[in-house]
There are 2 protein chains.
Amino acid sequence: MTILAMYKDDWHTSTDIAKSLNTNPVLVRKEIANLKKGNLIESKEGKHGGIRLLKNANKIYLSDIFLLAKGDEHVLSLSNNTPAPTCRVGKQINKNLKVVLKNIDNSIIESLKDQTLESFKNQF
Amino acid sequence: MTILAMYKDDWHTSTDIAKSLNTNPVLVRKEIANLKKGNLIESKEGKHGGIRLLKNANKIYLSDIFLLAKGDEHVLSLSNNTPAPTCRVGKQINKNLKVVLKNIDNSIIESLKDQTLESFKNQF
DNA sequence: AAAACTGTAACAATTATTATTACAATATAA
DNA sequence: TTATATTGTAATAATAATTGTTACAGTTTT
């Protein structure tokens, strides 16, 4: 997103972005799918295609990016193991932990609302 | 920690706690090691040993537990892949992301300061 | 028609997490 | 003083999650 903000009129290929991240183009395209759902970026297929920002970087908050990257999961998650339903604590722990996990997500989101992609980009 | 707070005078074995969590005692003991470093709990070896709270639950904040469980890592972490040092963004991205990651940690800690183990326990 | 892209599925490889086994050290109790 | 029940910790195995790769259909430009 920093690269897209810095060169905002260019179409960037997943291959070029993957090179900066030192990863592979398919992973980039998968992440692009999320960001497109939130209308932060647009993509163009075909020769000379690629992706670019759909909104001005000063209208994109880090929280917007975070929310799309995060998806439906909490940042911190419950154990995969089912706590003992025979235990007074075990049988209610997940219900009570979920409230905490949701608060954690919200506090992250609030803190990321303090910065735009534009201001992040301007540090480079 | 909820179990320890609920039955605060008993010595709880790692085996019993593992049963509630539906995991194994060794994992519990490893986590206990962290919590002991922070002086939240004490443990006793030998027959009739176990662990119990070292402080009153109304003096233990969820942030205290979180900090010990978290260790030195950020909650969200950088990629293991080294970004391209030849890229204007890649060569500085980690430095700039670290500030964001630190802010995220801090916002979680602040939000967890709002609740004590005592109040968490009282929901059960 | 050729070339250079995205999108996506299937699968492989790697890494991280969780579980298990084993046992030394310790403390209690018979 | 011996048997028993515990923590602490290391080593390793098993499982799960993440990341990477290959393949190719569909799209757009030249």
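Numbers restart at 1 for each chain; the letters A, B, ... are given by sequence-line order, proteins then strands.
Computed from coordinates, the A:I17 CD1 to C:dC5 P distance equals 12 Å when rounded to whole Å. When the P atom of D:dG8 is taken as reference, atom NZ of B:K37 falls 12 Å away, rounded to whole Å. To the nearest angstrom, C1' of D:dT7 lies 15 Å from CZ of B:R52. As rounded to whole Å, 6 Å separates atom P of C:dA4 from atom NZ of A:K47. Distance, A:K44 NZ to D:dT29 C1': 8 Å, rounded to whole Å. Atom-to-atom, NZ of A:K19 to C1' of C:dC5 comes out at 13 Å; the value is rounded to the nearest Å. Atom pair A:E31:CD and D:dT18:P shows a separation of 12 Å (rounding to whole Å applied). With rounding to whole Å, A:D16 atom CG is found 14 Å from C:dT6 atom C1'.
Checked against salt bridge (Lys or Arg N to Asp or Glu O under 4.0 Å), A:E110 has the following partners two or more places apart in sequence or in another chain: A:K113.
Residue contacts shown for B:S14 are limited to sugar-phosphate atoms, with no base heavy atom under 4.0 Å away. Within 4.0 Å of B:I51, counting heavy atoms only, lies no atom of the nucleic acid at all.
With hydrogens and angles ignored, the 3.5 Å screen pairs no side-chain donor or acceptor of A:N56 with any backbone N or O of A:K59. For the pair B:D64 (side chain) and B:Y61 (backbone), a donor-acceptor distance under 3.5 Å is present.
The only option from B:L112, B:V75, B:I109 that meets the side-chain contact (heavy atoms from CB on, under 4.5 Å) definition with A:I104 turns out to be B:L112. Just one residue in the list A:K36, A:R29, A:H12, A:R52 forms a side chain to side chain donor-acceptor pair (under 3.5 Å) with A:S43, and that residue is A:K36.
The phosphate of C:dA29 (OP1 or OP2) has a side-chain N or O of B:H48 nearer than 4.0 angstrom. The phosphate of D:dG8 has OP1 or OP2 within less than 4.0 Å of a side-chain N or O from B:S43.
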Scoring nucleotides 20-25 of chain C by protein non-hydrogen atoms under 4.0 Å (B base, S sugar-phosphate only, - none) yields BB---B

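Under the 4.0 Å criterion applied to side-chain N and carboxylate O atoms, A:K70 and A:D105 are assigned as salt-bridge partners.
Under the 4.5 Å side-chain criterion, counting only non-hydrogen atoms from C-beta, B:E42 is not in contact with B:K55. Using a 4.5 Å heavy-atom cutoff, the side chains of A:F120 and B:I93 are in contact.
Near DNA chain D, defined here as any heavy-atom distance below 4.0 Å, the residues from residues 66-88 of chain B are B:N81, listed numerically.
For A:P83 against B:N22, the heavy-atom pair with the smallest separation is CA-CB, 4.5 Å.
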